[in-house]
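As C-alpha coordinates, the structure follows; a few thoughts come after it.
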Amino acid sequence: MSKSAVKKIQAIRGMNDLLPSDSPRWQFFEAKVRQLMLRYGFNEIRTPIVEQTALFARSIGEVTDIVEKEMYTFDDRNSESLTLRPEGTASCVRAAMEHGLLYNQTQRLWYQGPMFRYERPQKGRYRQFHQIGIEAFGFDGPDIDAEVILLSARLWQELGLMEHVTLELNSLGSSEARAAYRDTLVAYFEQHLDVLDEDSKRRLTSNPLRILDSKNPAMAEMLDAAPQLMDHLDTESREHFEQLTAMLEAAGIAYVINPRLVRGLDYYCRTVFEWTTTALGSQGTVCAGGRYDGLVEQLGGKPTPAVGFAMGIERLILLLETLELIPEDALGGCDVYLLPMDDSATTAAISLAERLRSELPELRVQLHCGGGSFKSRIKKADKSHASMAILLGEDEITQQSATVKFLRDDREQQSVPQTALGRTLRELLTANA
RNA sequence: GUGGGUGUAGCUCAGUGGUAGAGCCCCGGAUUGUGACUCCGGUGGUCGUGGGUUCAAGUCCCAUCAUCCACCCCA
(Lines give C-alpha, C1' and ligand atoms only; values in the text may rest on other atoms or scores of the structure.)
Protein backbone atom coordinates (compact mmCIF):
# COMPACT_ATOMS: atom_id res chain seq x y z
CA MET A 1 0.00 0.00 0.00
CA SER A 2 1.57 3.25 -1.05
CA LYS A 3 1.07 6.48 0.80
CA SER A 4 -0.97 7.85 -2.07
CA ALA A 5 -3.89 5.65 -1.05
CA VAL A 6 -4.11 7.45 2.29
CA LYS A 7 -6.48 10.35 1.99
CA LYS A 8 -5.23 13.54 3.55
CA ILE A 9 -7.26 14.55 6.57
CA GLN A 10 -7.81 18.25 6.99
CA ALA A 11 -9.89 20.64 9.04
CA ILE A 12 -13.57 20.93 8.21
CA ARG A 13 -14.37 23.65 5.72
CA GLY A 14 -14.90 27.01 7.39
CA MET A 15 -13.49 25.80 10.70
CA ASN A 16 -10.11 27.25 11.50
CA ASP A 17 -7.15 26.28 13.61
CA LEU A 18 -5.99 29.06 15.85
CA LEU A 19 -2.20 28.87 15.65
CA PRO A 20 0.33 29.92 18.31
CA SER A 21 1.08 33.00 16.23
CA ASP A 22 -2.59 34.04 16.45
CA SER A 23 -3.56 33.15 19.99
CA PRO A 24 -1.84 36.10 21.71
CA ARG A 25 -4.11 38.43 19.74
CA TRP A 26 -7.14 36.55 20.95
CA GLN A 27 -5.88 36.57 24.50
CA PHE A 28 -5.26 40.30 24.31
CA PHE A 29 -8.82 40.91 23.16
CA GLU A 30 -10.42 38.43 25.55
CA ALA A 31 -8.55 39.87 28.52
CA LYS A 32 -9.92 43.34 27.73
CA VAL A 33 -13.45 41.97 27.54
CA ARG A 34 -13.21 39.93 30.73
CA GLN A 35 -12.01 42.96 32.64
CA LEU A 36 -14.77 45.11 31.20
CA MET A 37 -17.50 42.64 32.18
CA LEU A 38 -16.24 42.72 35.75
CA ARG A 39 -16.27 46.51 35.74
CA TYR A 40 -19.89 46.65 34.54
CA GLY A 41 -21.09 43.95 36.89
CA PHE A 42 -21.82 41.23 34.36
CA ASN A 43 -21.23 37.59 35.37
CA GLU A 44 -20.08 34.84 33.06
CA ILE A 45 -22.31 31.92 32.19
CA ARG A 46 -21.09 28.85 30.28
CA THR A 47 -23.55 26.59 28.55
CA PRO A 48 -23.11 23.48 26.37
CA ILE A 49 -22.50 24.01 22.68
CA VAL A 50 -25.15 21.40 21.84
CA GLU A 51 -28.85 21.83 22.60
CA GLN A 52 -32.15 20.27 21.63
CA THR A 53 -32.98 21.40 18.11
CA ALA A 54 -36.36 22.72 19.21
CA LEU A 55 -34.74 25.40 21.36
CA PHE A 56 -33.32 27.19 18.34
CA ALA A 57 -36.27 26.52 16.08
CA ARG A 58 -38.61 28.09 18.62
CA SER A 59 -36.46 31.09 19.55
CA ILE A 60 -34.68 32.20 16.38
CA GLY A 61 -37.72 31.66 14.17
CA GLU A 62 -38.77 28.73 12.00
CA VAL A 63 -38.55 30.63 8.73
CA THR A 64 -35.18 32.34 9.25
CA ASP A 65 -32.23 31.29 7.10
CA ILE A 66 -30.40 30.16 10.20
CA VAL A 67 -33.01 27.60 11.14
CA GLU A 68 -34.00 26.67 7.60
CA LYS A 69 -30.59 25.92 6.15
CA GLU A 70 -27.67 26.85 8.35
CA MET A 71 -27.86 24.68 11.44
CA TYR A 72 -25.63 21.71 12.17
CA THR A 73 -28.35 19.29 13.20
CA PHE A 74 -27.94 15.58 13.85
CA ASP A 75 -29.56 12.72 15.75
CA ASP A 76 -28.13 11.65 19.06
CA ARG A 77 -27.77 7.91 19.67
CA ASN A 78 -31.19 7.90 21.26
CA SER A 79 -32.71 9.51 18.14
CA GLU A 80 -33.20 12.88 19.79
CA SER A 81 -32.51 15.78 17.41
CA LEU A 82 -29.60 17.92 18.57
CA THR A 83 -28.07 21.08 17.12
CA LEU A 84 -24.71 22.81 17.45
CA ARG A 85 -25.64 26.26 18.69
CA PRO A 86 -25.84 28.89 15.94
CA GLU A 87 -25.99 31.74 18.48
CA GLY A 88 -25.80 32.27 22.21
CA THR A 89 -28.99 33.94 23.39
CA ALA A 90 -31.30 30.91 23.22
CA SER A 91 -28.96 28.75 25.31
CA CYS A 92 -28.52 31.56 27.76
CA VAL A 93 -32.25 31.98 28.24
CA ARG A 94 -32.75 28.22 28.54
CA ALA A 95 -30.05 27.88 31.19
CA ALA A 96 -31.21 30.91 33.15
CA MET A 97 -34.79 29.61 33.22
CA GLU A 98 -33.74 26.06 34.02
CA HIS A 99 -31.82 27.17 37.10
CA GLY A 100 -34.27 29.76 38.37
CA LEU A 101 -31.98 32.69 37.64
CA LEU A 102 -34.93 34.71 36.37
CA TYR A 103 -37.24 34.03 39.29
CA ASN A 104 -38.12 37.40 40.88
CA GLN A 105 -34.71 38.78 40.14
CA THR A 106 -32.67 40.54 37.53
CA GLN A 107 -29.56 39.13 35.88
CA ARG A 108 -26.65 40.55 33.97
CA LEU A 109 -24.85 37.73 32.19
CA TRP A 110 -22.14 37.37 29.57
CA TYR A 111 -20.89 34.39 27.62
CA GLN A 112 -18.19 33.52 25.18
CA GLY A 113 -17.59 30.62 22.84
CA PRO A 114 -17.89 28.94 19.46
CA MET A 115 -21.04 29.10 17.35
CA PHE A 116 -21.80 27.06 14.24
CA ARG A 117 -23.56 28.00 11.02
CA TYR A 118 -23.41 26.16 7.72
CA GLU A 119 -22.70 29.06 5.34
CA ARG A 120 -20.26 29.70 2.50
CA PRO A 121 -17.14 30.96 4.22
CA GLN A 122 -15.66 34.29 3.23
CA LYS A 123 -13.75 37.09 4.87
CA GLY A 124 -15.03 37.47 8.45
CA ARG A 125 -17.54 34.67 8.08
CA TYR A 126 -16.82 31.10 9.08
CA ARG A 127 -18.75 27.93 9.86
CA GLN A 128 -17.29 27.78 13.32
CA PHE A 129 -16.96 31.30 14.63
CA HIS A 130 -16.75 32.86 18.05
CA GLN A 131 -18.96 35.29 19.83
CA ILE A 132 -18.91 37.18 23.06
CA GLY A 133 -22.32 38.29 24.18
CA ILE A 134 -24.15 39.83 27.07
CA GLU A 135 -27.76 39.41 28.17
CA ALA A 136 -29.59 41.46 30.80
CA PHE A 137 -32.87 40.08 32.13
CA GLY A 138 -35.67 41.68 34.09
CA PHE A 139 -35.16 45.34 33.17
CA ASP A 140 -37.75 47.01 30.96
CA GLY A 141 -36.53 50.61 30.93
CA PRO A 142 -34.16 52.29 28.47
CA ASP A 143 -31.48 52.65 31.17
CA ILE A 144 -30.29 49.06 30.69
CA ASP A 145 -30.33 49.51 26.90
CA ALA A 146 -28.02 52.47 27.39
CA GLU A 147 -25.83 50.53 29.82
CA VAL A 148 -25.43 47.68 27.35
CA ILE A 149 -24.51 50.05 24.53
CA LEU A 150 -22.14 52.02 26.74
CA LEU A 151 -20.33 48.85 27.68
CA SER A 152 -19.69 48.10 24.03
CA ALA A 153 -18.69 51.70 23.37
CA ARG A 154 -16.14 51.58 26.16
CA LEU A 155 -14.64 48.46 24.65
CA TRP A 156 -14.10 50.23 21.32
CA GLN A 157 -12.62 53.19 23.16
CA GLU A 158 -10.16 51.01 25.03
CA LEU A 159 -9.16 49.12 21.92
CA GLY A 160 -8.73 52.30 19.88
CA LEU A 161 -11.58 51.35 17.54
CA MET A 162 -13.98 54.18 18.27
CA GLU A 163 -13.15 56.20 15.15
CA HIS A 164 -13.57 53.14 12.98
CA VAL A 165 -17.04 52.01 14.02
CA THR A 166 -20.50 53.50 13.74
CA LEU A 167 -23.46 52.89 16.01
CA GLU A 168 -26.69 52.34 14.10
CA LEU A 169 -29.93 52.43 16.03
CA ASN A 170 -33.55 51.64 15.37
CA SER A 171 -36.70 50.59 17.16
CA LEU A 172 -38.92 47.78 15.95
CA GLY A 173 -41.70 48.72 18.36
CA SER A 174 -43.72 46.31 20.44
CA SER A 175 -44.47 42.96 18.86
CA GLU A 176 -48.03 44.17 18.17
CA ALA A 177 -46.85 47.35 16.50
CA ARG A 178 -44.29 45.38 14.59
CA ALA A 179 -46.96 42.98 13.32
CA ALA A 180 -49.19 45.86 12.22
CA TYR A 181 -46.32 47.56 10.45
CA ARG A 182 -45.48 44.31 8.75
CA ASP A 183 -48.96 44.21 7.21
CA THR A 184 -48.64 47.81 6.04
CA LEU A 185 -45.30 47.04 4.48
CA VAL A 186 -46.47 43.91 2.71
CA ALA A 187 -49.37 45.88 1.25
CA TYR A 188 -46.92 48.50 -0.01
CA PHE A 189 -44.60 45.93 -1.57
CA GLU A 190 -47.49 44.18 -3.27
CA GLN A 191 -48.16 47.43 -5.10
CA HIS A 192 -44.58 47.36 -6.38
CA LEU A 193 -44.17 43.72 -7.29
CA ASP A 194 -42.64 44.70 -10.65
CA VAL A 195 -39.65 46.28 -8.88
CA LEU A 196 -39.04 43.51 -6.35
CA ASP A 197 -36.21 41.10 -7.12
CA GLU A 198 -36.46 37.33 -6.66
CA ASP A 199 -35.00 37.30 -3.15
CA SER A 200 -37.40 39.97 -2.01
CA LYS A 201 -40.44 38.21 -3.43
CA ARG A 202 -39.43 35.14 -1.49
CA ARG A 203 -39.09 37.22 1.67
CA LEU A 204 -42.45 38.86 1.17
CA THR A 205 -44.04 35.99 3.02
CA SER A 206 -41.13 34.88 5.24
CA ASN A 207 -39.53 38.10 6.48
CA PRO A 208 -40.78 41.25 4.71
CA LEU A 209 -38.93 43.62 7.10
CA ARG A 210 -35.64 42.30 5.78
CA ILE A 211 -36.48 43.53 2.28
CA LEU A 212 -35.78 47.04 3.61
CA ASP A 213 -32.18 45.97 4.13
CA SER A 214 -31.61 44.97 0.49
CA LYS A 215 -28.46 46.19 -1.26
CA ASN A 216 -30.03 45.93 -4.70
CA PRO A 217 -29.73 49.44 -6.26
CA ALA A 218 -32.66 48.73 -8.56
CA MET A 219 -34.96 48.77 -5.55
CA ALA A 220 -33.41 51.73 -3.75
CA GLU A 221 -35.96 54.30 -4.92
CA MET A 222 -38.92 52.10 -4.07
CA LEU A 223 -37.45 51.33 -0.63
CA ASP A 224 -36.83 54.99 0.11
CA ALA A 225 -40.50 55.67 -0.41
CA ALA A 226 -41.64 52.72 1.71
CA PRO A 227 -43.56 53.32 4.94
CA GLN A 228 -41.14 53.94 7.81
CA LEU A 229 -41.05 51.75 10.85
CA MET A 230 -40.47 54.84 12.98
CA ASP A 231 -43.84 56.26 11.94
CA HIS A 232 -45.64 53.14 13.10
CA LEU A 233 -44.26 52.80 16.60
CA ASP A 234 -46.55 52.42 19.57
CA THR A 235 -46.36 55.28 22.05
CA GLU A 236 -44.54 53.31 24.67
CA SER A 237 -41.81 52.13 22.28
CA ARG A 238 -41.42 55.65 20.93
CA GLU A 239 -40.90 57.05 24.43
CA HIS A 240 -38.52 54.22 25.26
CA PHE A 241 -36.52 55.02 22.16
CA GLU A 242 -36.49 58.76 22.78
CA GLN A 243 -35.25 58.25 26.31
CA LEU A 244 -32.55 55.91 25.11
CA THR A 245 -31.24 58.35 22.52
CA ALA A 246 -31.29 61.13 25.13
CA MET A 247 -29.21 58.97 27.48
CA LEU A 248 -26.71 58.16 24.75
CA GLU A 249 -26.41 61.83 23.87
CA ALA A 250 -25.83 62.72 27.50
CA ALA A 251 -23.11 60.08 27.64
CA GLY A 252 -21.51 61.52 24.51
CA ILE A 253 -22.10 58.49 22.29
CA ALA A 254 -22.66 59.32 18.63
CA TYR A 255 -25.22 57.28 16.74
CA VAL A 256 -27.16 57.30 13.52
CA ILE A 257 -30.76 56.23 13.27
CA ASN A 258 -31.12 53.67 10.53
CA PRO A 259 -34.82 53.15 9.84
CA ARG A 260 -33.97 50.09 7.75
CA LEU A 261 -32.08 48.34 10.48
CA VAL A 262 -33.91 45.11 11.09
CA ARG A 263 -32.25 42.26 12.91
CA GLY A 264 -32.38 38.87 11.33
CA LEU A 265 -33.64 36.94 14.30
CA ASP A 266 -37.37 36.84 14.98
CA TYR A 267 -37.21 37.49 18.69
CA TYR A 268 -36.12 41.13 18.56
CA CYS A 269 -38.51 43.97 19.42
CA ARG A 270 -38.14 47.64 20.33
CA THR A 271 -34.47 48.70 20.51
CA VAL A 272 -32.13 47.19 17.94
CA PHE A 273 -28.59 48.31 17.21
CA GLU A 274 -25.46 47.43 15.28
CA TRP A 275 -21.88 48.58 15.41
CA THR A 276 -20.53 48.55 11.87
CA THR A 277 -17.24 49.25 10.16
CA THR A 278 -16.27 49.89 6.56
CA ALA A 279 -12.82 48.36 7.02
CA LEU A 280 -13.82 44.70 6.67
CA GLY A 281 -15.38 44.40 3.23
CA SER A 282 -18.87 43.05 3.13
CA GLN A 283 -18.98 41.61 6.65
CA GLY A 284 -19.13 44.99 8.32
CA THR A 285 -21.19 44.23 11.39
CA VAL A 286 -18.93 43.77 14.34
CA CYS A 287 -21.44 43.76 17.18
CA ALA A 288 -25.23 43.63 17.13
CA GLY A 289 -28.10 43.27 19.49
CA GLY A 290 -31.31 44.60 20.87
CA ARG A 291 -34.33 43.87 22.99
CA TYR A 292 -36.13 40.55 23.05
CA ASP A 293 -38.84 41.10 25.62
CA GLY A 294 -40.99 38.22 24.39
CA LEU A 295 -38.44 35.43 24.19
CA VAL A 296 -38.47 34.14 27.75
CA GLU A 297 -42.23 33.78 27.69
CA GLN A 298 -42.06 32.22 24.24
CA LEU A 299 -39.77 29.55 25.67
CA GLY A 300 -42.14 28.80 28.51
CA GLY A 301 -41.06 31.24 31.22
CA LYS A 302 -42.78 34.16 32.88
CA PRO A 303 -42.83 37.37 30.81
CA THR A 304 -39.34 38.83 31.28
CA PRO A 305 -37.91 41.84 29.50
CA ALA A 306 -34.43 41.27 28.14
CA VAL A 307 -31.75 43.02 26.13
CA GLY A 308 -28.35 41.94 24.87
CA PHE A 309 -25.81 41.88 22.09
CA ALA A 310 -23.28 39.57 20.48
CA MET A 311 -19.99 40.47 18.90
CA GLY A 312 -17.97 38.41 16.44
CA ILE A 313 -14.48 37.79 17.76
CA GLU A 314 -12.98 36.89 14.36
CA ARG A 315 -14.25 40.13 12.87
CA LEU A 316 -12.97 42.23 15.73
CA ILE A 317 -9.54 40.61 15.67
CA LEU A 318 -9.45 41.09 11.90
CA LEU A 319 -10.29 44.75 12.42
CA LEU A 320 -7.66 45.19 15.12
CA GLU A 321 -5.07 43.56 12.86
CA THR A 322 -6.04 45.65 9.85
CA LEU A 323 -5.70 48.82 11.89
CA GLU A 324 -2.55 47.58 13.65
CA LEU A 325 -4.06 48.18 17.05
CA ILE A 326 -2.58 45.20 18.87
CA PRO A 327 0.47 46.33 20.85
CA GLU A 328 3.73 44.49 20.21
CA ASP A 329 4.23 43.59 23.85
CA ALA A 330 0.89 41.78 23.87
CA LEU A 331 2.21 39.30 21.36
CA GLY A 332 3.76 36.72 23.66
CA GLY A 333 7.33 35.55 23.87
CA CYS A 334 9.39 35.21 27.03
CA ASP A 335 11.44 37.48 29.29
CA VAL A 336 14.59 35.41 29.59
CA TYR A 337 16.04 32.46 27.68
CA LEU A 338 18.15 30.26 29.90
CA LEU A 339 20.70 28.15 28.11
CA PRO A 340 23.22 25.58 29.24
CA MET A 341 26.35 26.20 27.15
CA ASP A 342 26.83 22.49 26.54
CA ASP A 343 25.18 19.25 27.54
CA SER A 344 27.20 18.92 30.75
CA ALA A 345 25.43 22.02 32.11
CA THR A 346 21.88 20.79 31.41
CA THR A 347 21.07 19.55 34.90
CA ALA A 348 22.36 22.70 36.55
CA ALA A 349 20.36 24.80 34.07
CA ILE A 350 17.17 22.92 34.89
CA SER A 351 17.53 23.57 38.60
CA LEU A 352 18.39 27.21 38.02
CA ALA A 353 15.31 27.65 35.82
CA GLU A 354 13.08 26.08 38.45
CA ARG A 355 14.64 28.23 41.12
CA LEU A 356 13.91 31.39 39.11
CA ARG A 357 10.33 30.30 38.52
CA SER A 358 9.86 29.83 42.26
CA GLU A 359 11.45 33.14 43.15
CA LEU A 360 9.76 35.19 40.41
CA PRO A 361 6.37 33.69 39.55
CA GLU A 362 5.63 36.43 37.02
CA LEU A 363 8.89 35.90 35.12
CA ARG A 364 8.59 34.09 31.81
CA VAL A 365 11.56 31.73 31.60
CA GLN A 366 12.23 29.61 28.55
CA LEU A 367 14.78 26.86 29.11
CA HIS A 368 16.84 25.77 26.14
CA CYS A 369 16.12 22.12 25.30
CA GLY A 370 17.32 19.95 22.47
CA GLY A 371 21.11 20.33 22.59
CA GLY A 372 23.00 21.70 19.62
CA SER A 373 26.11 23.77 19.28
CA PHE A 374 26.64 26.81 21.47
CA LYS A 375 26.08 28.97 18.45
CA SER A 376 22.75 27.39 17.66
CA ARG A 377 21.70 27.76 21.30
CA ILE A 378 22.34 31.45 21.37
CA LYS A 379 20.63 31.85 18.00
CA LYS A 380 17.55 30.32 19.53
CA ALA A 381 17.80 32.74 22.45
CA ASP A 382 17.74 35.56 19.91
CA LYS A 383 14.70 34.11 18.13
CA SER A 384 12.80 33.67 21.39
CA HIS A 385 12.29 37.47 21.62
CA ALA A 386 13.62 37.38 25.17
CA SER A 387 15.33 40.56 26.22
CA MET A 388 18.05 38.62 28.03
CA ALA A 389 19.82 35.30 27.76
CA ILE A 390 21.12 33.59 30.87
CA LEU A 391 24.24 31.57 30.11
CA LEU A 392 25.37 28.70 32.26
CA GLY A 393 28.67 26.92 31.48
CA GLU A 394 31.55 25.24 33.24
CA ASP A 395 32.98 28.46 34.68
CA GLU A 396 29.63 29.68 35.98
CA ILE A 397 28.90 26.34 37.64
CA THR A 398 32.20 26.30 39.53
CA GLN A 399 31.61 29.89 40.65
CA GLN A 400 27.90 29.34 41.38
CA SER A 401 27.11 32.26 39.10
CA ALA A 402 25.28 32.90 35.82
CA THR A 403 26.02 35.21 32.91
CA VAL A 404 23.29 37.67 31.95
CA LYS A 405 23.61 38.67 28.32
CA PHE A 406 21.51 41.52 26.90
CA LEU A 407 20.07 40.55 23.55
CA ARG A 408 18.36 43.79 22.63
CA ASP A 409 20.49 46.53 24.18
CA ASP A 410 24.06 47.48 23.45
CA ARG A 411 25.26 46.71 26.92
CA GLU A 412 28.07 44.64 28.49
CA GLN A 413 27.02 41.22 29.74
CA GLN A 414 27.37 40.69 33.46
CA SER A 415 28.18 37.84 35.81
CA VAL A 416 25.73 37.48 38.69
CA PRO A 417 25.88 35.10 41.69
CA GLN A 418 23.03 32.58 41.41
CA THR A 419 21.74 33.63 44.84
CA ALA A 420 21.29 37.19 43.57
CA LEU A 421 19.98 36.31 40.11
CA GLY A 422 16.28 36.56 40.92
CA ARG A 423 16.67 39.97 42.50
CA THR A 424 18.84 41.23 39.66
CA LEU A 425 16.41 40.09 36.98
CA ARG A 426 13.52 41.72 38.77
CA GLU A 427 15.40 45.02 38.86
CA LEU A 428 16.46 44.79 35.22
CA LEU A 429 12.96 44.00 34.00
CA THR A 430 11.16 46.67 36.02
CA ALA A 431 13.75 49.22 34.93
CA ASN A 432 12.98 48.25 31.35
CA ALA A 433 9.21 48.42 31.73
C1' G B 1 -27.40 27.71 -2.85
C1' U B 2 -25.20 31.42 -7.11
C1' G B 3 -20.93 33.93 -9.61
C1' G B 4 -15.66 34.91 -10.22
C1' G B 5 -10.25 34.32 -8.79
C1' U B 6 -6.35 31.02 -6.93
C1' G B 7 -3.98 25.90 -5.77
C1' U B 8 4.06 24.51 -7.45
C1' A B 9 9.09 23.57 -0.86
C1' G B 10 7.07 25.21 6.09
C1' C B 11 5.94 30.71 4.06
C1' U B 12 5.71 34.35 -0.33
C1' C B 13 5.80 33.25 -5.29
C1' A B 14 8.47 32.52 -10.66
C1' G B 15 8.02 28.67 -14.29
C1' U B 16 7.18 29.52 -23.18
C1' G B 17 4.14 21.18 -24.00
C1' G B 18 10.65 18.88 -23.50
C1' U B 19 15.56 17.07 -16.73
C1' A B 20 11.46 21.07 -10.55
C1' G B 21 13.14 26.93 -9.52
C1' A B 22 14.09 31.70 -6.43
C1' G B 23 13.71 34.53 -1.92
C1' C B 24 12.57 33.90 3.17
C1' C B 25 12.55 30.10 7.08
C1' C B 26 15.18 25.82 9.07
C1' C B 27 20.01 22.98 9.81
C1' G B 28 25.49 22.89 9.56
C1' G B 29 30.10 25.50 8.85
C1' A B 30 33.57 30.10 8.39
C1' U B 31 34.74 31.64 14.88
C1' U B 32 37.72 25.99 20.79
C1' G B 33 32.43 30.32 25.38
C1' U B 34 28.74 34.77 22.28
C1' G B 35 23.06 35.93 18.35
C1' A B 36 21.70 39.91 14.70
C1' C B 37 25.29 41.88 9.38
C1' U B 38 28.29 38.93 5.74
C1' C B 39 30.09 34.46 3.13
C1' C B 40 29.94 28.99 2.03
C1' G B 41 27.23 24.44 2.17
C1' G B 42 22.78 21.46 3.19
C1' U B 43 17.55 19.42 4.28
C1' G B 44 12.94 19.93 2.17
C1' G B 45 8.14 18.74 -3.78
C1' U B 46 4.01 12.09 -6.04
C1' C B 47 3.46 20.74 -8.99
C1' G B 48 -4.30 19.94 -4.47
C1' U B 49 -6.68 15.09 -6.16
C1' G B 50 -8.59 11.83 -10.16
C1' G B 51 -9.24 11.12 -15.20
C1' G B 52 -8.23 12.61 -20.48
C1' U B 53 -5.27 14.56 -24.96
C1' U B 54 0.02 13.89 -26.44
C1' C B 55 6.06 10.54 -28.24
C1' A B 56 6.14 13.90 -23.89
C1' A B 57 1.71 17.64 -19.15
C1' G B 58 3.39 21.91 -13.46
C1' U B 59 1.86 23.89 -18.41
C1' C B 60 -3.79 21.90 -22.66
C1' C B 61 -9.06 19.64 -21.60
C1' C B 62 -12.79 17.55 -18.04
C1' A B 63 -14.24 16.46 -13.18
C1' U B 64 -13.54 16.99 -8.08
C1' C B 65 -11.73 19.03 -3.45
C1' A B 66 -9.73 23.13 -0.87
C1' U B 67 -9.12 28.31 -0.41
C1' C B 68 -10.12 33.58 -1.34
C1' C B 69 -13.63 37.48 -2.88
C1' A B 70 -18.60 38.86 -3.85
C1' C B 71 -24.11 37.69 -3.79
C1' C B 72 -27.40 35.64 -0.16
C1' C B 73 -27.40 35.66 5.08
C1' C B 74 -25.28 37.21 9.42
C1' A B 75 -21.47 38.32 14.39
Side-chain angles (χ1 to χ4, degrees), chain A residues 2-16 19 21 60 64-70 86-89 112-133 152 197-200 202-203 206-207 210 213-216 262-265 274-277 280-289 308-319 337 339-342 344-345 368 370-386 388-396 403-410 412-413 415:
Chain A
S2 74
K3 276 184 185 172
S4 60
V6 182
K7 200 179 175 213
K8 196 166 53 173
I9 295 180
Q10 37 186 315
I12 305 301
R13 177 173 207 189
M15 305 205 182
N16 300 314
L19 302 178
S21 51
I60 297 169
T64 56
D65 278 18
I66 293 180
V67 171
E68 277 183 342
K69 46 193 189 197
E70 294 177 0
E87 57 103 40
T89 300
Q112 172 200 34
M115 308 294 164
F116 302 84
R117 289 181 201 171
Y118 190 90
E119 301 177 273
R120 279 286 277 271
Q122 67 183 76
K123 188 176 190 179
R125 192 178 76 183
Y126 310 100
R127 290 185 174 180
Q128 175 177 329
F129 62 104
H130 296 77
Q131 286 186 335
I132 293 174
S152 57
D197 57 22
E198 282 310 306
D199 279 326
S200 300
R202 182 174 52 80
R203 279 182 290 196
S206 60
N207 197 346
R210 280 222 68 91
D213 232 2
S214 174
K215 291 173 195 163
N216 187 345
V262 176
R263 308 300 340 294
L265 285 55
E274 283 189 10
W275 288 95
T276 59
T277 176
L280 286 186
S282 72
Q283 310 300 319
T285 302
V286 113
C287 172
F309 68 64
M311 50 194 173
I313 305 187
E314 280 86 353
R315 289 183 186 178
L316 281 161
I317 304 255
L318 217 50
L319 187 56
Y337 190 94
L339 62 96
M341 297 171 91
D342 57 52
S344 70
H368 176 86
S373 64
F374 177 67
K375 184 185 178 121
S376 75
R377 292 174 194 228
I378 205 154
K379 266 186 161 174
K380 280 182 176 143
D382 186 35
K383 298 249 155 69
S384 75
H385 296 113
M388 291 173 255
I390 298 170
L391 279 48
L392 200 62
E394 208 180 329
D395 298 350
E396 285 83 357
T403 299
V404 176
K405 177 181 171 62
F406 301 93
L407 298 169
R408 315 288 158 213
D409 310 316
D410 188 16
E412 197 79 359
Q413 67 185 33
S415 175

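Being a predicted model, the structure only gives us computed values, none of them experimental. Lettering of chains follows the sequences in order, A, B, ..., and the numbering in each one begins at 1.
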Just wondering, do A:Met311 and A:Val286 contact through their side chains at under 4.5 Å, heavy atoms?
no
Is [X] side chain donor-acceptor paired with the [N] base, going by distance under 3.5 Å alone?
X: A:Gln413; N: B:G33; value: no
X: A:Arg315; N: B:C74; value: yes
X: A:Arg210; N: B:C72; value: no

Span that lies between the P atom of B:C13 and that of B:A56, in whole angstrom:
34 Å
Pairs: protein N or O with nucleotides 24-29 of chain B N or O, under 3.5 Å:
unit_1 : atom_1 : unit_2   : atom_2 : d
B:C26  : OP1    : A:Lys383 : NZ     : 2.8
B:C26  : OP2    : A:Lys383 : NZ     : 3.4

Under the salt bridge (Lys or Arg N to Asp or Glu O under 4.0 Å) test, which residues partner A:Asp342, sequence neighbours left out?
none
With a 4.0 Å cutoff (strictly under), does any side-chain N or O of A:Ser282 reach OP1 or OP2 of B:A70?
yes
Cation-pi between A:Arg127 and A:Phe116: NZ/CZ under 6.0 Å from ring centre and within 45° of the ring axis?
no
Sequence neighbours excluded, the answer for side chain to side chain contact (heavy atoms under 4.5 Å, CB included) partners of A:Ala381 is A:Tyr337, A:Leu339, A:Ala389, A:Leu407
Return the nearest nucleotide to the side chain of A:Thr403; candidates are B:C74, B:G33, B:C71.
B:G33
A:Gln413 vs A:Thr403, test: side-chain hydrogen bond (donor to acceptor under 3.5 Å, both in side chains). Steps then yes/no.
CA-CA 7 Å; A:Gln413 67 185 33; A:Thr403 299; 5.0 Å; no
Comparing A:Arg13 and A:Val286 on RNA chain B - which has the more 5′ nearest nucleotide:
A:Arg13
